[in-house]
Enquirer: 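For reference, the structure I am asking about is given below.
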Amino acid sequence: MTVLLGCIADDLTGASDLAGELVARGMRTMQVMGIPNEALPDDLDAVVVALKSRTTPVAEAVGESLAALRWLRESGCERIFFKYCSTFDSTPQGNIGPVLEALAAELGADFSIACPAFPANRRTVYQGHLFVGDRLLNESGMENHPLTPMKDADLVRVLQAQITGKAGLIPLGEIRARSVAAKAQALIAAGTTVAIADAIDDGDLAIVGAYCAGLPLTSGASGLGVAVGAALMGADAGGAPAPLPALGGRRAVISGSCSLATRRQVAAVRERMPACRIALDEGETPATLIARARDWIAAQAGDGPILIYSTADPAEVARQRALDPNASAVLEEVLAEIAAHLVDQGARALVVAGGETSGAVVQRLGVTRLRIGPEIDPGVPWTIGGGGPNDRLLLALKSGNFGSDDFMSKAWEMLP
Ligand SMILES: Nc1ncnc2c1ncn2[C@@H]1O[C@H](COP(=O)(O)OP(=O)(O)O)[C@@H](O)[C@H]1O
Ligand SMILES: O=C(O)[C@@H](O)C(=O)COP(=O)(O)O
């Protein structure tokens, strides 16, 4: 079997973002959680392996990514795309740089392109600097991220600090002059191993993607992933989003993202949807929080949707982390446990906000693969979760900073 594009995503919402974008452009794509036990269908154009490796220790992230790479190659994938966040979420230790270098070494790839631009969500790269809308990355709210605060928008500098090789830049002028290959050759001659590519619109990404389609390894956000996919597919794209089944049951939003877009979305529904706030206040333990949430859920009449959230502003996040330095990991586990309880009680459709939060929830639910349905907003499809004990769940796994302000009510309007 030959699969055109094998993708490794460093978090779950990033994986469904990429898978959704590939499907929206006609590529027959399946998303799997880690390395699956079962064989793949033989009619796929792309496979996306979702890991939870964005913030794990470097050695763990590298090991899991290499295992995913080996499985993708055994499964017949010809080109590899490493998907990370369009806001380049990482720490000075990684994990983007070390994972990229490990994948490159395994593939024998001496040079690769890295570009987190995703114009549909207003992530653009110019002179190697990442913008979120009209703000530089380090003034976009991402400087306050609980796990990966991004305090520098200069991606060549950020990447250089994470790799042992040499980072370089393919500036916009070279891309628009269609001299990507020549510039890449010059960079390679100067010892560059990874080049950040500028890109402001999808046309720029298409030019970069056409070049990358000839390389064993490329990395970036879903904008470039789709561009590489399109270059590999040519005109053959004939896939379509999976239709959503009518599953009934309770509907719930679980929100653990503290990103600006999610905070706006939670604020928009908090007064209109029954809402339960989860906070690690003094004296609270995971057990007390879960017990209170269960009681609250039991008291809610009808099928919802209901909202359960730990989403908070930076001051509140800092307060909870002062009480418990492990607050973020604890809250992921608490929300995952509440999600499992909801499903036990008959919930069949969940919107989950936050990449790490989604990873924790999906792991806890035992979902092993996702079929990709229609897109709610750019980068956020409805999906049909399967495998494990909870076969057939509707899941919308929302990246923290994606989605319009009315996302949390709009998502439900798409369900049959
Ligand atoms: N009130 C809070 N205080 C501290 N950490 C929190 C709080 N609420 C959520 N978190 C943590 O913040 C992190 C948010 O990351 P994530 O779920 O990936 O969201 P995003 O997609 O916005 O990055 C998670 O680890 C989550 O548990
Ligand atoms: O590329 C993106 O921005 C997303 O796909 C993504 O990876 C976001 O991650 P979270 O904000 O942690 O959900």
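Residues take their numbers from the sequence shown, with the count starting at 1.
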Enquirer: Is there a side-chain contact between Arg277 and Trp296 in this structure, where contact means two heavy atoms from C-beta onward sitting under 4.5 Å apart?
Expert: no
Enquirer: For the pair Arg250 and Asp303, find out whether any cationic side-chain nitrogen is under 4.0 Å from an anionic carboxylate oxygen.
Expert: no
Enquirer: Verify whether one side chain among Ser222 and Asp17 offers a donor that lies under 3.5 Å from an acceptor in the other.
Expert: yes
Enquirer: Would you call Arg319-Asp313 a salt bridge at under 4.0 Å N-O?
Expert: no
Enquirer: Is it true that Arg73 and Glu78 make a salt bridge, defined as a side-chain N closer than 4.0 Å to a carboxylate O?
Expert: no
Enquirer: Give a yes or no on whether Arg371 atom CZ has more than 12 heavy-atom contacts from other residues, nucleotides or ligands under 6.0 Å away.
Expert: no
Enquirer: Does one side chain, of Glu174 or Ser179, offer a donor that lies under 3.5 Å from an acceptor on the other?
Expert: yes
Enquirer: If you define the side chain from C-beta out and look only at heavy atoms, does anything of Val132 sit under 4.5 Å from Arg122?
Expert: no
Enquirer: Could you check whether any side-chain heavy atom of Glu143 comes within less than 4.5 Å of a side-chain heavy atom of Pro149, counting everything from C-beta outward?
Expert: no
Enquirer: Give a yes or no on this: more than 12 heavy atoms of other residues, nucleotides or ligands lie within 6.0 Å of atom CZ of Phe131.
Expert: yes
Enquirer: Measuring only between side-chain heavy atoms, which start at C-beta, is Leu51 closer than 4.5 Å to Ile8?
Expert: yes
Enquirer: What are the two closest non-hydrogen atoms of Pro416 and Arg251, and how far apart are they?
Expert: O-NH2, 3.8 Å
Enquirer: Roughly how far apart are Arg263 CZ and Leu260 CG, rounded to 0.5 Å?
Expert: 4.5 Å
Enquirer: Would you please say whether a donor-acceptor pair under 3.5 Å links the side chains of Arg135 and Ser140?
Expert: no
Enquirer: Evaluate the side-chain proximity of Asp45 to Thr29: yes if any heavy-atom separation is below 4.5 Å, no if none is.
Expert: no
Enquirer: Compare every heavy atom of Ala117 with every heavy atom of Pro119, then report the nearest pair and how far apart it is.
Expert: CD-C, 3.8 Å
Enquirer: Rounded to the nearest 0.5 Å, what separates atom CG in Leu137 from atom CE in Met142?
Expert: 6.5 Å
Enquirer: Under 3.5 Å, is there a donor-acceptor pair linking the side chains of Ser90 and Tyr84?
Expert: no
Enquirer: Salt bridge check: are Arg157 and Asp152 linked by an N-O gap of less than 4.0 Å?
Expert: yes
Enquirer: Distance only, no hydrogens: is a donor on one side chain within 3.5 Å (strictly under) of an acceptor on the other, for Thr311 and Ser255?
Expert: yes
Enquirer: Take atom CG of Asn37 as the centre, draw a 6.0 Å sphere, and report whether it contains more than 12 heavy atoms from other residues, nucleotides or ligands.
Expert: no
Enquirer: Mind checking salt bridge (charged side-chain N to carboxylate O under 4.0 Å, His left out) for Asp204 and listing every partner two or more places apart, or none if nothing turns up?
Expert: Arg176
Enquirer: So if I apply the side-chain contact (heavy atoms from CB on, under 4.5 Å) rule between Val343 and each of Leu393, Ile338, Val361, which one comes out positive?
Expert: Leu393
Enquirer: Would you compute the distance between atom CG of Leu335 and atom OG of Ser257 and round it to the nearest 0.5 angstrom?
Expert: 11.0 Å
Enquirer: At their closest point, which heavy atom of Phe407 faces which heavy atom of Val380, and how far apart are they?
Expert: CZ-CG1, 3.6 Å
Enquirer: Checking side-chain polar atoms at under 3.5 Å, does Glu101 have a donor or acceptor matched by the opposite partner on Thr164?
Expert: yes
Enquirer: Ignoring hydrogens, what is the shortest heavy-atom contact between Gly128 and Asp198? Give both atom names and the distance.
Expert: N-OD1, 2.8 Å
Enquirer: What's the separation between atom CG in Leu307 and atom CD1 in Ile254, rounded to the nearest 0.5 Å?
Expert: 8.5 Å
Enquirer: For Ile170 and Leu187, which heavy atoms make the closest approach, and how far apart are they?
Expert: CG1-CD1, 3.7 Å
Enquirer: Could you measure the distance from the CG atom of Leu18 to the OG1 atom of Thr13? Nearest 0.5 Å is fine.
Expert: 11.5 Å
Enquirer: Looking only at heavy atoms, what is the nearest atom pair of Ala102 and Val62, with distance?
Expert: CB-CG1, 3.6 Å
Enquirer: Does the distance from a Lys or Arg side-chain N to an Asp or Glu carboxylate O, for Asp377 and Lys410, drop under 4.0 Å?
Expert: yes
Enquirer: Can you tell me if Lys398 and Gln265 form a side-chain donor-acceptor pair at under 3.5 Å?
Expert: yes
Enquirer: Is it true that Glu21 and Arg25 make a salt bridge, defined as a side-chain N closer than 4.0 Å to a carboxylate O?
Expert: yes
Enquirer: Could you tell me if the side chain of Ser310 sits less than 4.5 Å from the side chain of Glu316, heavy atoms only?
Expert: no
Enquirer: Are any of the side-chain nitrogens in Lys52 or Glu356 under 4.0 Å away from the carboxylate oxygens of its partner?
Expert: yes
Enquirer: Given side chains that start at C-beta, do those of Phe81 and Leu72 come closer than 4.5 Å, heavy atoms only?
Expert: no
